[in-house]
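First up is the structure itself, then whatever we jot down about it.
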Protein chains: 2
Amino acid sequence: MKTINLTTQRQAVYDIVRTAEDHPTAADVMNRLVERGHSFAYGTVYNSLRYLTDKDLIRELKLGETASRYDARTDDHQHIVCEVCGRVDEVMTAIPESWMTQVAEETGYEVAGAHIVVEGVCAECKSKRKK
Amino acid sequence: MKTINLTTQRQAVYDIVRTAEDHPTAADVMNRLVERGHSFAYGTVYNSLRYLTDKDLIRELKLGETASRYDARTDDHQHIVCEVCGRVDEVMTAIPESWMTQVAEETGYEVAGAHIVVEGVCAECKSKRKK
DNA sequence: ATTTCAATTTAGAATAAGTATAAATCTATT
DNA sequence: AATAGATTTATACTTATTCTAAATTGAAAT
């Protein structure tokens with residue numbers, strides 16, 4: 001179950017996501033593949049992204065936009081989106097366990113985890129706005 | 001700016017969302033309108049949902065599924081989704097201010113708010129599973 | 001009551017993101 | 001070299017939503 005078969009296309013997709021400074025969408029990945037001289041079928045990119053996600057090599061992010069984004073950091077963390085420029089950054093501060101426990105009590109659910117999208121204004125947009 | 005023009009169709013859409021026990025999608029709203037004898041254009045339902053959202057009469061929820069859901073509770077709260085049956089419930093326990101502050105410090109963002117989707121197993125599915 | 005004008009609704013086309021399918025191609029093993 | 005299984009490709013399809021242009025409605029002014 002832990003066998004990972006990295007074909008040429010999967011490797012190339014993984015490389016794009018791994019070396020990305022941002023959190024690319026499937027379309028972003030497509031474009032960057034072309035920039036690097038590849039030309040894979042649209043479906044292959046989606047298949048690869050799903051495969052890599054299934055194998056926990058990357059993570060799929062659903063941040064409330066129309067398109068999913070992908071992230072090579074697979075450790076537990078959250079995200080923050082800039083309302084002005086759309087920039088996405090990582091949030092490493094963990095949600096307090098006590099909050100999770102309280103939610104479990106309130107709802108009667110067995111809580112497995114939480115996806116958080118924080119919204120705000122990034123440092124750059126903040127300083128631009130002051131002017 | 002605070003004028004609210006509730007046409008017949010907007011009123012009907014609002015009624016569906018307001019009286020819903022769940023968190024209906026646009027398609028759900030469509031179906032329930034038909035059940036109640038209405039037949040509005042598809043676009044009108046979307047327009048109405050957006051209008052009501054803009055006027056803060058309802059809230060649009062993006063819970064990571066393909067379709068948005070709508071909620072007549074507009075006070076600040078979060079949601080929890082059952083991984084087994086897909087049921088969605090409200091989470092009223094607020095995220096601690098201290099967490100928000102820490103995120104602001106960590107990221108350099110001016111934090112405005114957060115959308116949280118908790119995942120877990122609802123009480124019903126928990127007890128079913130035990131058998 | 002009639003005209004007028006903006007807002008709204010309608011039907012249907014268009015778009016965007018992603019999935020499904022069937023044939024072709026690779027790859028590892030006999 | 002032959003076979004089988006997995007993968008890729010090209011393309012069609014689906015789903016959710018937005019856009020568009022014409023038709024309708026409704027309120028205000030005549």
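Side-chain atoms are counted along with the backbone in the values below, which use heavy atoms only and exclude waters and symmetry mates. Throughout, a chain's letter reflects where its sequence line sits, starting with A, and its residues are numbered from 1.
Identified under the salt bridge (charged side-chain N to carboxylate O under 4.0 Å, His left out) test for residues 8-22 of chain A, with sequence neighbours left out: A/Asp15-A/Arg18, A/Asp22-A/Arg32.
By the 4.5 Å side-chain criterion applied to Ile, Leu, Val, Met, Phe, Trp and Tyr, B/Val84 is assigned to a cluster that also includes B/Val121. Counting Ile, Leu, Val, Met, Phe, Trp and Tyr side chains that sit under 4.5 Å apart, directly or through other members, A/Val117 shares a hydrophobic cluster with A/Leu61, A/Leu63, A/Val81, A/Val88. In the hydrophobic clustering, A/Met92 connects to no other residue, as no ILVMFWY side-chain heavy atoms lie under 4.5 Å from its own.
Checked by atom type, the side-chain pair A/His38/A/Gln9 shows no donor-acceptor distance below 3.5 Å.
In this structure, A/Thr25 reaches neither bases nor backbone, as no heavy-atom distance under 4.0 Å exists between it and the strands shown.
When rounded to the nearest whole Å, the span between CZ of A/Arg69 and P of C/dA16 equals 16 Å.
When ring centroids are compared, A/His79 and A/His115 stay outside the 6.0 Å threshold.
A salt bridge between A/Arg73 and A/Asp71 is absent, with no side-chain N of the basic residue lying under 4.0 Å from a carboxylate O of the acidic one.
For residues 41-54 of chain B, proximity to DNA chain C is found at B/Ala41, B/Thr44, defined as any non-hydrogen atom under 4.0 angstrom from a strand atom. Within residues 7-17 of chain A, the residues approached by DNA chain D to less than 4.0 Å at the level of any non-hydrogen atom are A/Thr7, A/Gln9, A/Arg10, in residue-number order.
No donor-acceptor pair under 3.5 Å is formed between the side chain of B/Thr44 and the backbone N or O of B/Phe40.
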